[in-house]
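Chain letters run A, B, ... following the sequence lines, proteins first, then strands; residues in each count from 1.
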Number of protein chains: 2
Amino acid sequence: MKISTKGRYALRMLIDLAEHQNDGFIALKDIAARQDISKKYLEQIVPILNRAELLVTNRGFQGGYRLSRPAEKYTVGEILRATEGGLSPVGCLECTTDVCPRALGCETLPVWKGLEKVINDYLDGITLQDILDQKTERDASDYVI
Amino acid sequence: MKISTKGRYALRMLIDLAEHQNDGFIALKDIAARQDISKKYLEQIVPILNRAELLVTNRGFQGGYRLSRPAEKYTVGEILRATEGGLSPVGCLECTTDVCPRALGCETLPVWKGLEKVINDYLDGITLQDILDQKTERDASDYVI
DNA sequence: TATTATACTACTAAAACGGTAGGATTTCAA
DNA sequence: TTGAAATCCTACCGTTTTAGTAGTATAATA
């Protein structure tokens with residue numbers, strides 16, 4: 001029941017980009033240095049974010065990345081769903097071709113459905129801008145509802 | 001971000017025991033047959049539940065297991081925390097000896113703290129008895145808050 | 001055309017997952 | 001007292017996922 005480094009690093013990368021929204025294209029090596037993440041590994045995460053149209057790329061000299069929209073238009077939920085490949089707590093909830101044969105009478109399914117909902121609702125309620133704002137106001141007592 | 005079979009099977013085993021609360025000790029082979037789970041694998045899950053004092057064991061002839069308390073005294077949260085080894089969405093939140101050096105200025109930590117809270121709050125709000133009750137009333141629209 | 005950057009693909013060590021296998025131990029009934 | 005029924009314990013094992021590293025190709029520009 002863990003968020004992998006892929007999702008965590010992606011979130012940190014996008015926060016980093018949000019903090020440098022007005023600095024043009026940001027090179028991956030700068031993000032990697034600031035966030036202390038392997039640049040090579042970030043290179044693998046970028047295509048996922050690109051496919052989800054979460055960032056804009058500029059190749060070649062003085063290239064790099066920037067956000068494709070303002071920071072308040074990104075939710076943590078969509079970032080994590082893209083990088084983690086969904087946020088369902090159990091496989092049964094993903095729309096795959098093979099449905100669980102026990103699903104019909106399954107007593108635990110409603111538990112997982114509800115859990116999926118609270119997770120998504122919570123993460124969709126936080127934007128990149130919220131995270132930036134919280135950084136400034138130091139006495140903000142987290143995101144605990 | 002998945003609950004493993006260990007947690008899911010443990011929950012199903014305890015639900016099964018809850019459904020047979022008044023039938024004395026229930027042999028593992030019966031649970032395994034009803035739930036269609038490998039008995040050998042369940043044998044590995046049982047010690048975890050025993051350490052957490054979630055069930056009572058009777059060894060030898062006509063032995064088996066039963067719940068150690070009434071079904072309404074079990075929350076899904078405590079069952080999953082025991083079997084999954086905690087429900088933190090990131091390692092940083094677990095009280096280990098080595099604390100993340102980035103923790104102090106970490107912008108994502110409050111997100112994970114909040115996520116951990118909504119997950120635990122939700123799962124601690126559901127008891128085994130709730131699950132039994134929901135089985136009876138067929139029109140109950142899940143546990144969605 | 002040299003330099004700086006991203007893009008793509010392959011590889012890999014280590015850990016976690018999801019079990020299986022086999023024997024030891026306990027209990028009780030016949 | 002012995003044998004059957006049950007849990008207990010520990011080792012093993014194939015597969016998948018995780019968390020990267022490495023190397024080369026491609027693009028842009030000064």
Peer 1: Could you give the CD-to-P distance, from B:Gln44 to D:dC8, as a whole number of Å?
Peer 2: 13 Å

Peer 1: Rounded to the nearest Å, what distance is computed from the CD atom of residue A:Glu84 to the P atom of nucleotide D:dT18?
Peer 2: 8 Å

Peer 1: In whole Å, I'd like the distance from the NZ atom of A:Lys39 to the C1' atom of C:dA7.
Peer 2: 11 Å

Peer 1: Figure out the CG/C1' separation between A:Leu55 and C:dT6, and round it to whole Å.
Peer 2: 12 Å

Peer 1: Can you tell me if A:Glu116 and A:Ser88 form a side-chain donor-acceptor pair at under 3.5 Å?
Peer 2: yes

Peer 1: Taking only the side-chain heavy atoms of A:Tyr41 (C-beta and beyond), determine which of C:dA7, D:dA19, D:dA30 contains the nearest atom.
Peer 2: D:dA19

Peer 1: For B:Asn58 and B:Arg66, does a side-chain donor sit closer than 3.5 Å to a side-chain acceptor?
Peer 2: no

Peer 1: Within less than 4.0 Å of OP1 or OP2 of D:dT18, is there a side-chain N or O belonging to A:Tyr9?
Peer 2: no

Peer 1: Could you pull out the closest heavy-atom pair between A:Phe25 and A:Val56, with the gap in Å?
Peer 2: CE2-O, 3.8 Å

Peer 1: Between A:Ser38 and D:dT21, does any side-chain N or O lie under 4.0 Å from OP1 or OP2?
Peer 2: yes

Peer 1: Under 3.5 Å, is there any donor-acceptor pair linking the side chain of B:Lys40 to the base of C:dG22?
Peer 2: yes

Peer 1: Round to the nearest Å and state the distance from B:Lys6 atom NZ to C:dT20 atom P.
Peer 2: 14 Å

Peer 1: Check whether any side-chain N or O of A:Ser4 sits under 4.0 Å from OP1 or OP2 of D:dT17, and answer yes or no.
Peer 2: no

Peer 1: Rounded to whole Å, please give me the gap between CG in A:Leu28 and P in D:dT21.
Peer 2: 13 Å

Peer 1: Need to verify one output field. Residue with the more 5' nearest nucleotide on DNA chain C, A:Phe61 or A:Asn50?
Peer 2: A:Phe61

Peer 1: Quick one: B:Lys29 NZ to D:dT7 P, roughly how many Å, whole number?
Peer 2: 8 Å

Peer 1: Would you call A:Glu78 and A:Leu123 a side-chain contact if the rule is heavy atoms closer than 4.5 Å?
Peer 2: no

Peer 1: Please tell me which of A:Thr5 and A:Gln62 maps to the more 5' nucleotide of DNA chain D, matching each residue to the nucleotide holding its nearest heavy atom.
Peer 2: A:Thr5

Peer 1: Do B:Asp36 and A:Arg102 meet the salt-bridge criterion of a basic N to acidic O distance under 4.0 Å?
Peer 2: no

Peer 1: Measure from CD1 on A:Ile37 to C1' on D:dA19 and round the result to the nearest Å.
Peer 2: 12 Å

